[in-house]
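Below, read A as the first sequence line, B as the second, and so on, with proteins coming before strands; counting in each chain starts at 1.
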Protein chains: 2
Amino acid sequence: MTETVVDRRTLRREETRAEIVAAAWDLAREHGLAAISMRDLGARVGMRAPSVYTYFESKDAIYDAMFRQGYEQFLEWMADAAADARDADARVGVTPALARARAHAHRFFAFCTADPVRYQLLFLRTLPGFEPSAQSYALAVRALEQGADEYAAMGITDPDALDLSTALLTGLTSQQIANDPGGDRWERLLDRAAEMLLRELAPDLLTDRDHPTMRRT
Amino acid sequence: MTETVVDRRTLRREETRAEIVAAAWDLAREHGLAAISMRDLGARVGMRAPSVYTYFESKDAIYDAMFRQGYEQFLEWMADAAADARDADARVGVTPALARARAHAHRFFAFCTADPVRYQLLFLRTLPGFEPSAQSYALAVRALEQGADEYAAMGITDPDALDLSTALLTGLTSQQIANDPGGDRWERLLDRAAEMLLRELAPDLLTDRDHPTMRRT
DNA sequence: GTCTATAATCTGATAGAC
DNA sequence: GTCTATCAGATTATAGAC
């Protein structure tokens, strides 16, 4: 009986923690990532500032929870990219590898532009003084590994493939967010960028229609 | 006689303004762009906070002066890229266009990684609430036009050339600054990236050694 | 669990003496 | 031209009542 009570308490606590993190995202989107205050944050969830400290030991712990949640969302979101590629695969004149590369590019771009503040926290790392905990940072490493696996499954062995494509994709995203928010000036270039990348990394995947790039499905 | 006195005063004033802006850069590099305070800034130049307001009407005016100075430095720095290309041109197996594209990439990369805080202010625009004045923003526009002229001089007419290359170059730079500061993990990829870009935008410039790409020199 | 009260400190900006 | 003094807040975080 005592165990059940403890579990219910823990559950309730986790719910409130999640509520606080959600409110922190809202505030960050409204006023900027660095402009979150414990007062405002508390007010958003119907508390005063000191009560927030019952759930997070410091402001940095809240940023860390945001960082962690952001990468969890990223991992989940990118895992679905293969499905996109399957859908796009039916198009004429496009190899399975190109369809997959394009789908990947659009997936990544959509995730980033959907929430520029999240993009800033996860990929730009311009929040002064903040360093993610080892536990949260491990998620960022796993995201990178997931990208490497994706390339391996496509048959791309070039060791620079991941670094070159993250650079190009984050670059397109950054430019879109900073210089044409809400527009499509750089989004338009995604298909072309994906093709350029594939031509550089594995040109045979651009012509050979029977290459086993969908091994994972 | 009166005129001379006025000129000396104006000159002295401009010197102090420059001193304050230099101190602001120092503070930004040490504690982050958003963490500049008027008190600290004054202390750096041997003043109290209120005296700084004699030279700049607000904190935003100081950010604007930094933004402006950063783009002035950028314009000057990139104008010298043609000289780099001339030096690199002697290399075997490289067309003048490729030498030029590579030199441009390295120039841009060096400018950005030399001062990540400046890069953040000029290209990332993540300083919450800050908008450059029309006068300062005009410099940013001119920088972009200078890039467009560079491509035109190389004979590249593709209208997406500039957007695609700024995306790739800022991407490589961002990744280097955020994920491997002081290292060369993305710097190593610059030559390859420049070649990939040129192959996409004007493949003939990669093979035709007699193309008039050095028209400007 | 949440509160009030408060410590201790920081912030941008202004008034007015010298 | 620079200062002191100060306004009118803001900030993170803690102590202790309820």
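Within the structure, salt bridge (charged side-chain N to carboxylate O under 4.0 Å, His left out) contacts touching residues 34-52 of chain A (residues at least two apart or in different chains) are A:E30-A:R44.
At whole-Å resolution of the value, CZ in B:R48 and P in D:dT4 are 4 Å apart. A:M47 places its CE atom 4 Å from the P atom of C:dT2, with the value rounded to the nearest Å. As a whole-Å value, the separation of A:F56 CZ from C:dG1 C1' is 16 Å.
For A:E195 and A:R192, the salt-bridge test fails: no basic side-chain N is under 4.0 Å from an acidic carboxylate O.
In terms of the side chain to side chain contact (heavy atoms under 4.5 Å, CB included) criterion, residue partners of A:A202 (sequence neighbours excluded) are, by chain and number, A:I156, A:D204, A:L205. For A:F123, the ring pair (Phe, Tyr, Trp, His ring centres under 6.0 Å) partners are A:Y71, A:F74, A:F108, A:Y119, not counting sequence neighbours. Remark: A:Y53 engages no residue in a ring pair (Phe, Tyr, Trp, His ring centres under 6.0 Å) (not counting sequence neighbours). Partners of B:T126 under the side chain to side chain contact (heavy atoms under 4.5 Å, CB included) rule, at least two apart in sequence or in another chain, are A:Q120, A:L124, A:T126, B:Q120, B:L124. Scored by the side chain to side chain contact (heavy atoms under 4.5 Å, CB included) test, B:E131 finds B:R125 as partners (sequence neighbours excluded). Applying the salt bridge (charged side-chain N to carboxylate O under 4.0 Å, His left out) criterion to B:E19, with sequence neighbours excluded, gives no partner residue. For A:E187, there are no side-chain hydrogen bond (donor to acceptor under 3.5 Å, both in side chains) partners at least two apart in sequence or on another chain.
Within residues 62-69 of chain A, no residue approaches DNA chain D, by heavy-atom distance under 4.0 Å. For the contact set between residues 11-36 of chain B and DNA chain C, defined by any heavy atom under 4.0 Å, the members are B:I36.
Close to D:dC3, at under 4.0 Å from its OP1 or OP2, lies a side-chain N or O of B:S51. Considering only side-chain N and O atoms, A:T54 lies nowhere under 4.0 angstrom from the phosphate OP1 or OP2 of C:dG1.
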Mind listing the side-chain donor-acceptor pairs of residues 57-66 of chain A below 3.5 Å, one per line with the distance, residues two or more places apart or on another chain?
| unit_1 | atom_1 | unit_2 | atom_2 | d |
| --- | --- | --- | --- | --- |
| A:S58 | OG | A:D60 | N | 3.4 |
| A:S58 | OG | A:A61 | N | 3.2 |
| A:K59 | NZ | A:I36 | O | 2.8 |
| A:Y63 | OH | A:L33 | O | 2.7 |
| A:D64 | OD1 | A:S133 | N | 2.8 |
| A:D64 | OD1 | A:S133 | OG | 3.3 |
| A:D64 | OD1 | A:S136 | OG | 3.3 |
| A:D64 | OD2 | A:S133 | OG | 2.8 |
| A:D64 | OD2 | A:S136 | OG | 2.9 |

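In this structure, B:F130 places its CZ atom where more than 12 heavy-atom neighbours from other residues, nucleotides or ligands lie under 6.0 Å away.
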Report all interatomic pairs (protein N or O, nucleotide N or O of nucleotides 13-17 of chain D) with separations under 3.5 Å.
| unit_1 | atom_1 | unit_2 | atom_2 | d |
| --- | --- | --- | --- | --- |
| D:dA13 | OP2 | A:Y53 | OH | 3.0 |
| D:dA13 | OP2 | A:K59 | N | 3.0 |
| D:dA13 | O5' | A:Y53 | OH | 3.3 |

